[in-house]
Number of protein chains: 4
Amino acid sequence: MSINSFGHLLRLTTWGESHGPAIGAVVDGCPPGLALDEAHVQRFLDLRRPGTSRHVSPRQEPDRVRILSGLYRGQTTGTPIAMMIENVDQRSADYPEPAPYRPGHADYGYDRKYGLRDPRGGGRASARETAMRVAGGAVARLVIPEVSFQTRLVEIGGVDDSAQWDSLLDEARNAGDSLGGVVECTASNVPPGWGAPVYAKLDSELAAACMGINAVKGVEIGDGFAAARNRGSRNADAMRSGASFDSNHAGGIAGGISTGQPIVVRVAFKPTSSIGVPVPSIDAAGNEVDAVTKGRHDPCVAIRGVPVVEAMVALVLADHKLLHRGQCG
Amino acid sequence: MSINSFGHLLRLTTWGESHGPAIGAVVDGCPPGLALDEAHVQRFLDLRRPGTSRHVSPRQEPDRVRILSGLYRGQTTGTPIAMMIENVDQRSADYPEPAPYRPGHADYGYDRKYGLRDPRGGGRASARETAMRVAGGAVARLVIPEVSFQTRLVEIGGVDDSAQWDSLLDEARNAGDSLGGVVECTASNVPPGWGAPVYAKLDSELAAACMGINAVKGVEIGDGFAAARNRGSRNADAMRSGASFDSNHAGGIAGGISTGQPIVVRVAFKPTSSIGVPVPSIDAAGNEVDAVTKGRHDPCVAIRGVPVVEAMVALVLADHKLLHRGQCG
Amino acid sequence: MSINSFGHLLRLTTWGESHGPAIGAVVDGCPPGLALDEAHVQRFLDLRRPGTSRHVSPRQEPDRVRILSGLYRGQTTGTPIAMMIENVDQRSADYPEPAPYRPGHADYGYDRKYGLRDPRGGGRASARETAMRVAGGAVARLVIPEVSFQTRLVEIGGVDDSAQWDSLLDEARNAGDSLGGVVECTASNVPPGWGAPVYAKLDSELAAACMGINAVKGVEIGDGFAAARNRGSRNADAMRSGASFDSNHAGGIAGGISTGQPIVVRVAFKPTSSIGVPVPSIDAAGNEVDAVTKGRHDPCVAIRGVPVVEAMVALVLADHKLLHRGQCG
Amino acid sequence: MSINSFGHLLRLTTWGESHGPAIGAVVDGCPPGLALDEAHVQRFLDLRRPGTSRHVSPRQEPDRVRILSGLYRGQTTGTPIAMMIENVDQRSADYPEPAPYRPGHADYGYDRKYGLRDPRGGGRASARETAMRVAGGAVARLVIPEVSFQTRLVEIGGVDDSAQWDSLLDEARNAGDSLGGVVECTASNVPPGWGAPVYAKLDSELAAACMGINAVKGVEIGDGFAAARNRGSRNADAMRSGASFDSNHAGGIAGGISTGQPIVVRVAFKPTSSIGVPVPSIDAAGNEVDAVTKGRHDPCVAIRGVPVVEAMVALVLADHKLLHRGQCG
């Protein structure tokens, strides 16, 4: 895994800052002969883009993707697929300089790491980068047509009853505050045998993929932390003739390899760090100044995290399908 | 990340099955000039080996490590450090054939992946492989002498009061059952600036490292899933002059890069899958047979997971120290 | 090394086909704080582009590079540097379909590998891809300001007297034929200690870098094949006090590690495969048809190979500077 | 490509110094179900080991390989195959300390890189490491049973008439001197379609593989440097119905992808650097001292290079077979 690349045989490399001219991705290693066009990618991007409901940022990002390479007559050629989205709504005035390090953001770490950074809208650390993960995931899905996904929010602010979410979100937004959430992705029809025994375990790679999404602080496979509170006899997934299972505590992975059961990943998003409530902080010179977000932000980033989680899971599964085929034929 | 290797610049490759002649590791990319001997590695291996209390497997694995390369006059030379432990207690009679697929184990997945497998004691999927992670971690620590670790069990069977653990474990063992647990590792004095923005985020790599440990089903950074239930205003780690923080909900990482605060990782271990309670299963021929473990196993694998988690965290941090130095000088 | 990426810490990923909308590159891992602008990259691209003399293809490719990310106020930020060149002169009518497999080209192999290919101008296999290597090399040079390069043609058509080259090239072009050539790159002021002992030897990586350039069939370090015809006593580079050397048969690398002497790489380019002389071939249906090139091509690709070789050498050296700093501080 | 690892899906990692307790290799990513035993590997090691004729070093290295993992009942399991050879003939007295930097050796570079080194017999830089390449190649051959190899010396000391080699070698050895040589490897029955378009071109990877062998200074594919002296019309490999070719100037690779013709690689070995003729040099303190080799060395390392070249070519081809299967099915 390189710094801005993800995957072994199917590799996603992304680039771009939120307020630069464009963001982009290169998908390398895609099998040839898959039907792909911009509309297919756009469909998934549209699920993620802001401005779609009152609970997500009102920014207007049309996020119109262009595919610049790797296609011929509507089919993938096996060569790198480059995708690009131009940034059209770059209101960097929302990000004045000098500015306080925004707690929970990459600001301080970047300055300490690189000695300088692009402060406009988080630069490379902006959640805008996840658009290209979604684009990459749209390609990955073509590699694994046998797999179907169901991805959904299962908690907002600790509440799993979705009927309460609207009012919770309204309350938080009105208070200038934000809420966390949990996203669950279920990938069905993954055949048994994908994954690898030790350092490229399927669950290990899913964990890396999902923990690397902006604002994610926890990842579970199957029962996750609840398994740590269970007894072995109850946590066991008994098997029956025909390789059916009585339960799926394992979340479809044992020993790093898929079992044929649905793969279940749960992902914890922290509450949006950019909030209207002032938080004590410092600026680059070390002066104490409150961080207050005046720009346009989501009260709960987990909402827009749904397609991103699904994209990352798709990328991991597609990569491991190719890895498995490479080693085991 | 290759299939049996871990890390970018500091790379751990491990090999070996639990009942083969030996297990081993190669640590590549270690800086030169570090004082290293077998006693140093052995000290960490001894923390992990079975037979040390009544709550861990009574197997006798002296786990005597030999360093076979990469040293000259007590110092690392910068070339690969090969380590090996011979397997001396190979009671494969405990693992009769044909055998049921043990639920929760890699057995079924391996057979479906590779078409054959080494059935003795889990073969490559055995937790014995983690001895070499501990050995690798012992080397990694030398690369990051500035970092100090505190790693401990914080929960067994859902109970965080350690005074109750002895009786819980006795009860489970006597019932032929097992318990899960949660391990927390805190790495202090990690300077700000380690990590990377997008696909080699420090938290992403810690998640991969820890989720890849046998029996792990969940990983959290900082508040983890609790953050998903918190509000943004309470989850914010306010900063003060001198780059001090009021709190550490983030667990020492923001935007994938260390902040200088202690890095906190929590790891959920499922209850040991090998239990005395019969669990319905099938054998390789598809016949329904109960899986019952008669061999020697740990009632709670999280106990021996403590040094393994610490080793994996050390490997990630050491690797990122070198990566950071490579890119940023 | 991934399929369309090159390098360890400083990684170049390229994409794009010669007749698609654009070609591009992503340089990942670049140190922060280096002064970079489009004019710097353009200067090197201009050395490579066609249409600059009567001995190179008269195609008009303005090859105007845009930098789309990784810069802030004229400095690299440490995040991926994306560069793109739009393809403005796409005369795909020069490449009719169905067409014979052009001998010496990738056509037949691509069809057998992928089952389909983009036939326009060689698609991904076009030498146009090397523009992005030159762009990547322009960034790499900034990482190694201490190194100076001298790269030049030393042979055309087996003749090392450059006074004869004009007439040789005219004669070949008039005959619809082409000539090979040899390019020599000397990198001076590389400090001793860059490289690695075994599988990332500096010479090994230079060989990969240069053999991967279109039309290259041979690579030598230092005396190369002449060393194989020499005696050990004459091939030895004696050392003197102050770490000076009497000679440089080794080409600045011993045991895979730089010695501090100039690094000398010689690269053999075959004659251009696209020629006006008919060559018997077959088409995708297996019919025998002559391949005759009517389009615009270089009579000697080695001429335009000069900046490409230098770029690849710069990428390898910059990468190894970072690797060395990462491991050895 | 990591520092001491080679390959993408089929990865060879080697470790060990010539005078340490052992040398070893880990082959990761090997397909399961291949018949493998120590005798198979030993057969190839025996071709390489010293002491087999009067023209190779009289050292006694039984080089008895042990396979320590990755096998079950005579078949590969898909998990890492660890191999080890104990060093039994460690006459480090032949390598006194302090010693002059031996010209042509890694000595000086290692000291400048690492600040210290294992001076016994070249340590990690010793050609003894190539034994593990041969062992790795023995495994790789099993992955590509369709491919047959013919590898031979084609030149010693610039002479291609093998009838003269005995006297040439005797003369050089008696004079305390050494000779270079050229090894040619032909791999037949490689199907068309292996390789990759840009940075993992089959020829690029073969160049890296062979240039990384100790003492190698040049690599050619097909006609190599002779192609640079040829005309395009004569260098073209005309194709005929049935995908047959009239010639093989290309050496079986076009555009980085195999054409189905025999793959031909030529490798230039410099004359052995360790010679009895004194060569001016310096020691670590900077004092001028002659380097004179009194130990046991080969007058022409190319002789023992034959099985090493073949092993490296086999590793590259096997890796690319798996890569091709992974991406293209």
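Below, chains carry the letters A, B, ... as their sequence lines are ordered, and counting in each starts from 1. Worth knowing before you read on, the calculation uses all heavy atoms, side chains too, and leaves out hydrogens, waters and symmetry mates.
- Among A:G260, A:G232, A:A254, A:A106, the residue with the largest count of heavy-atom pairs under 4.5 Å with chain B is A:G232.
- Of the residues considered (B:V277, B:T272, B:L179, B:N230), B:N230 shows the highest number of contacts with chain A, using heavy-atom pairs under 4.5 Å.
- No other option in A:E171, A:R266, A:H249 has as many heavy-atom pairs under 4.5 Å with chain B as A:E171.
- A perpendicular orientation is assigned to the rings of A:H320 and A:H8, their planes being inclined by more than 60° (bins at 30° and 60°).
- In this structure, B:K217 and A:D223 have side chains that are not in contact, with every pair of non-hydrogen atoms separated by 4.5 Å or more.
- Contact of B:S258 with chain A is made through the backbone alone, with heavy-atom distances under 4.5 Å.
- Of the listed residues A:E220, A:R234, A:E155, the one with more heavy-atom pairs under 4.5 angstrom with chain B than any other is A:E220.
- In this structure, B:Y101 and B:Y108 have perpendicular ring planes: the angle between them is above 60°, well past the 30° mark.
- To the nearest 0.5 Å, atom CG of residue B:N248 and atom OG1 of residue B:T259 are 6.0 Å apart.
- When each of B:G195, B:G176, B:G180, B:G123 is scored by its heavy-atom pairs under 4.5 Å with chain A, the top score falls to B:G180.
- Only the backbone of A:F269 comes within contact range of chain B, with heavy atoms under 4.5 Å apart.
- Only the side chain of A:M312 comes within contact range of chain B, with at least one heavy atom under 4.5 Å from a heavy atom of that chain.
- Of the atoms belonging to B:H105, it is backbone heavy atoms, and not side-chain ones, that fall under 4.5 Å from chain A.
- A:S204 contributes a side-chain N or O that, together with a main-chain N or O of B:A208, makes up a donor-acceptor pair within less than 3.5 Å.
- Comparing A:A125, A:G181, A:A291 by heavy-atom pairs within less than 4.5 Å of chain B, the highest count is held by A:G181.
- Side-chain contact check for B:L116 versus B:Y110: every heavy-atom pair is 4.5 Å or farther apart.
- Interface residue A:I282: backbone and side-chain heavy atoms are both found under 4.5 Å from chain B.
- A:K201 touches chain B through its side chain: at least one heavy atom from C-beta onward sits under 4.5 Å away, while N, CA, C and O do not.
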Exercise for review: Might you work through the side chain to side chain donor-acceptor pair (under 3.5 Å) test for B:E288 and A:S241, ending with a clear yes or no?
Suggested key: CA-CA 6 Å; B:E288 299 198 338; A:S241 179; 4.7 Å; no

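- With a 4.5 angstrom heavy-atom cutoff, A:A175 touches chain B only via side-chain atoms.
- Contacts between A:N235 and chain B at a heavy-atom distance below 4.5 Å involve the side chain alone, from C-beta outward.
- For the options A:V279, A:I221, A:N214, A:I257, heavy-atom pairs under 4.5 Å to chain B are most numerous at A:I221.
- Panel note: side chain A:D290, backbone A:V292; no donor-acceptor pair is recorded below 3.5 Å.
- Annotation: maximal heavy-atom pairing with chain A below 4.5 Å, among B:G115, B:G255, B:A228, occurs at B:A228.
- Ranked by heavy-atom pairs shorter than 4.5 Å toward chain B, the options A:Q327, A:H324, A:K270 are led by A:H324.
- Interface residue B:V219: backbone and side-chain heavy atoms are both found under 4.5 Å from chain A.
- Remark: the backbone N or O of A:S233 is paired with a side-chain donor or acceptor of B:D177 at under 3.5 angstrom.
- Salt bridge status for B:R117 with B:D107: present, with a side-chain N to carboxylate O gap under 4.0 Å.
- Expressed to the nearest 0.5 Å, how far CG of B:L202 lies from CD1 of B:I253 amounts to 4.0 Å.
- Most heavy-atom pairs under 4.5 Å with chain A, from the set B:A250, B:A196, B:G104: that is B:A250.
- In this structure, B:V198 and A:E129 have side chains that are in contact, with non-hydrogen atoms separated by less than 4.5 Å.
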